[in-house]
Protein chains: 2
Amino acid sequence: MKIAIVGSGAIGLYYGALLQRSGREVAFLMRSDLPVAKERGIRVVRKDETFVLDEVAAFARAEEIGVCDLVIVSLKATGNGSLAEILPPLVGRGTKLLTLQNGLGNDALLAELFPKNKVFGGLCFVCLNRIEPAVVENYMAGSISLGPRLGEDLAEAEEIVELFKAAGVKTRCEPNLAEVQWKKLVWNVPFNGLAIAAGGVTTDVIVGSPELCGEARALMREIIAASHFFGYDFGEGFEDYQIKITRPMEGYRPSSMIDFVEGRPVEVEAIWGEPLRQAKAAGVATPKLEMLYALLKRLCR
Amino acid sequence: MKIAIVGSGAIGLYYGALLQRSGREVAFLMRSDLPVAKERGIRVVRKDETFVLDEVAAFARAEEIGVCDLVIVSLKATGNGSLAEILPPLVGRGTKLLTLQNGLGNDALLAELFPKNKVFGGLCFVCLNRIEPAVVENYMAGSISLGPRLGEDLAEAEEIVELFKAAGVKTRCEPNLAEVQWKKLVWNVPFNGLAIAAGGVTTDVIVGSPELCGEARALMREIIAASHFFGYDFGEGFEDYQIKITRPMEGYRPSSMIDFVEGRPVEVEAIWGEPLRQAKAAGVATPKLEMLYALLKRLCR
């Protein structure tokens, strides 16, 4: 089984490294990290251990990799426009595609590009930062919720889940991908968004300010209301739970905020724009999300 | 008749200069602009004319000025905490107090400090910038809407209006001060606020972006809804009118935005905090104002 990792941000480096360490054949498609990865390998820094993959199959062009069994897309969603050009050499008749990207719209794009292939999506609940080329830092073990774009592909989703489990990643198979995508947005929309709009602040500033924490909760309620409309129920107290899990993160910098302060593209459409459009189309009132999106679209242009 | 101008920002310099040019005795209480005003006078730059007041009675301490007939407070509202200390030497039994400050809560403070004196408020609809010490630039003629804090003082308000008219300022007497304060907030809340929250942008960016212009309009509707609750009606099409008057301003930088980008205090409580608290107390839904206030409070801390 041959796996391609497309995009060497924190997610791609981390899960690609774990899959390779578990014995899989992994090919990394990279740009900026390529020389470092070739020379020094990929390094993963965790609380309890640090490990280095010395031998990394890293490539600049998909043609050098060829057709794979599984293509994992871990590019930032702002780079989705290039997938139509990048992916074809990796995708054959039986190739499965897995997006580990943030927000909404990514699996729909893969399905559009490769209508005959099976598409899956995974949501990574994890704190990762790529601290320098080919070096990724992991703050908490975390987990992946992984599901098929179409319900009929559930059995294949379970096979991919086993792959990650064998690599030591807590992974759960979710029959409904859209549901877990909305579920993750309940955290990402407020915390990634307010961290940028409040001037590049860490999560402790948001939960520590009565006003900003109130806005975070109000944004969560809008996402939860939209989720309800689509038939998803995250249970009682889900809003409180988000605050509870955020407090111990202390000075955590949400990934979009890091992108923002470092002048890199921010996934504004995937995380805020597409959910806003879907909620609006469903007739769900989202005044807070609307304002946050308007500000982010300008701030992150 | 002796007039004191407390605070030599754009508003104080401009109206003080016009009052003095019309023959009134004006004393300026200044801090940073004092040496320049003493040496070179005050200069007013307008589209059609530039004039300089060579002889300016500028002072550093209120004791040097003594009791006045009219005390005009043109400090930024963020400096209100110092008024209890600054004003007393200027205020005698018959002294009238006029605040030309932005937002809500300023006349209430003056009435609290000097319960036996008559308090008035003026809203300046004008584009002014203090471009260097003792130099103020005026972009459009503009006008003042001036009224008594208490309805019973309407006749005295009319006397003050005449003073400004004689100085060449288009001034209108308004029987209800709170009404004109809310009316001005319909512009100030969205444009000063979004100009900061969107990253320090000019008004053309706001009216030129469908998303930001939509937010500006939504903020206006919240202020108009609160105003309705208090019994004020600005008439049909008032929201559209705000957009219409803003378009020709082109690259105008709202005063709060200038303060923000130049690192000076921003009148967050007067312009956003106090209106939000009054609207909330009245039970008017203001989700947009609430988010804007939360962001501004952090951004301008």
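Residue numbers begin at 1 in each chain, while the letters A, B, ... track the order of the sequences. Keep in mind that what you see is a predicted model, and the values were worked out from it rather than measured.
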What part of Lys297(A) gets within 4.5 angstrom of chain B, counting heavy atoms only: side chain, backbone, both, or neither? side chain
Heavy-atom pairs under 4.5 Å with chain B, option from Leu292(A), Leu219(A), Val205(A) with the top count: Val205(A)
Contact part of Ala218(B) toward chain A, heavy-atom cut-off under 4.5 Å: side chain, backbone, both or neither? neither
Answer with side chain, backbone, both or neither: which region of Leu296(A) has an atom nearer than 4.5 Å to a non-hydrogen atom of chain B? neither
Whether over 12 other heavy atoms sit under 6.0 Å from Tyr241(B) OH: no
Please say whether more than 12 non-hydrogen atoms of neighbouring residues, nucleotides or ligands are located less than 6.0 Å from CD in Glu262(A). yes
Pick from Met291(A), Glu215(A), Glu211(A): which one makes a side chain to side chain contact (heavy atoms under 4.5 Å, CB included) with Glu290(B)? Glu215(A)
What part of Ala198(A) gets closer than 4.5 Å to chain B, counting heavy atoms only: side chain, backbone, both or neither? both
